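Scroll down for the structure; my scribbles are underneath it.
Keep in mind the model is a prediction, meaning the values are calculated, not measured.
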Amino acid sequence: MDDAEISRLRARLKDLSAGPFHFPEVYGPGWDDLPIGEKVRRGHGFLDLVRSGAFPQVTDTGEKAGGGRLYRKRAS
């Protein structure tokens, strides 16, 4: 992911309530229009960024449910 995409995700995360979420909730409009390979690539990119600490308020729960991998946003 490039810097512009990371900034866009940070802004969307800022507006997200604390608690569990799936990546498409953060990605926002256009997710359903992406080809499956692009969804996998972007989803994995987000996971790598979360694990590297790029989004300090977000943790990977290590679980998968309903819409895929589950993340958790901590309250500010």
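- The backbone N or O of Lys39 sits nowhere less than 3.5 Å from a side-chain atom of His44 that would complete a donor-acceptor pair.
- Here the CZ-CG distance, from Arg10 to Asp15, works out to 14.5 Å after rounding to the nearest 0.5 Å.
- Within a 6.0 Å radius of CG in Asp3, no more than 12 heavy atoms belonging to other residues, nucleotides or ligands are found.
- Here the closest non-hydrogen pair linking Glu25 and Arg12 is O-NH2, 3.2 Å.
- Atom CG of Leu47 and atom CG of Asp60 lie 5.5 Å apart (nearest 0.5 Å).
- Note on Val50 and Trp31: same hydrophobic cluster, where clusters join Ile, Leu, Val, Met, Phe, Trp and Tyr whose side-chain heavy atoms are under 4.5 Å apart, directly or indirectly.
- Val26 and Leu70 fall into different hydrophobic clusters, where Ile, Leu, Val, Met, Phe, Trp and Tyr are joined by side-chain heavy atoms under 4.5 Å apart, directly or via other members.
- Residues Phe46 and Tyr71 place their aromatic rings such that the two centres sit under 6.0 Å apart.
- The closest donor-acceptor contact from the side chain of Lys73 to the backbone of Ser17 lies at 3.5 Å or more, if one exists at all.
- For the pair Arg42 and Glu5, the salt-bridge criterion is met [side-chain N within less than 4.0 Å of a carboxylate O].
- Judged by distance alone, with hydrogens and angles left aside, the side-chain atoms of Arg72 form no donor-acceptor pair with the main-chain N or O of Ala18 at under 3.5 Å.
- Following chains of ILVMFWY side-chain contacts shorter than 4.5 Å, one cannot reach Val40 starting from Tyr27, and the two form parts of different hydrophobic clusters.
- At distances below 3.5 Å, not a single donor-acceptor pair connects side-chain atoms of Thr59 with backbone N or O atoms of Thr61.
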Stepwise side-chain contact (heavy atoms from CB on, under 4.5 Å) check, Phe23 with Leu9: CA-CA 10 Å; Phe23 177 59; Leu9 294 173; 4.0 Å; yes
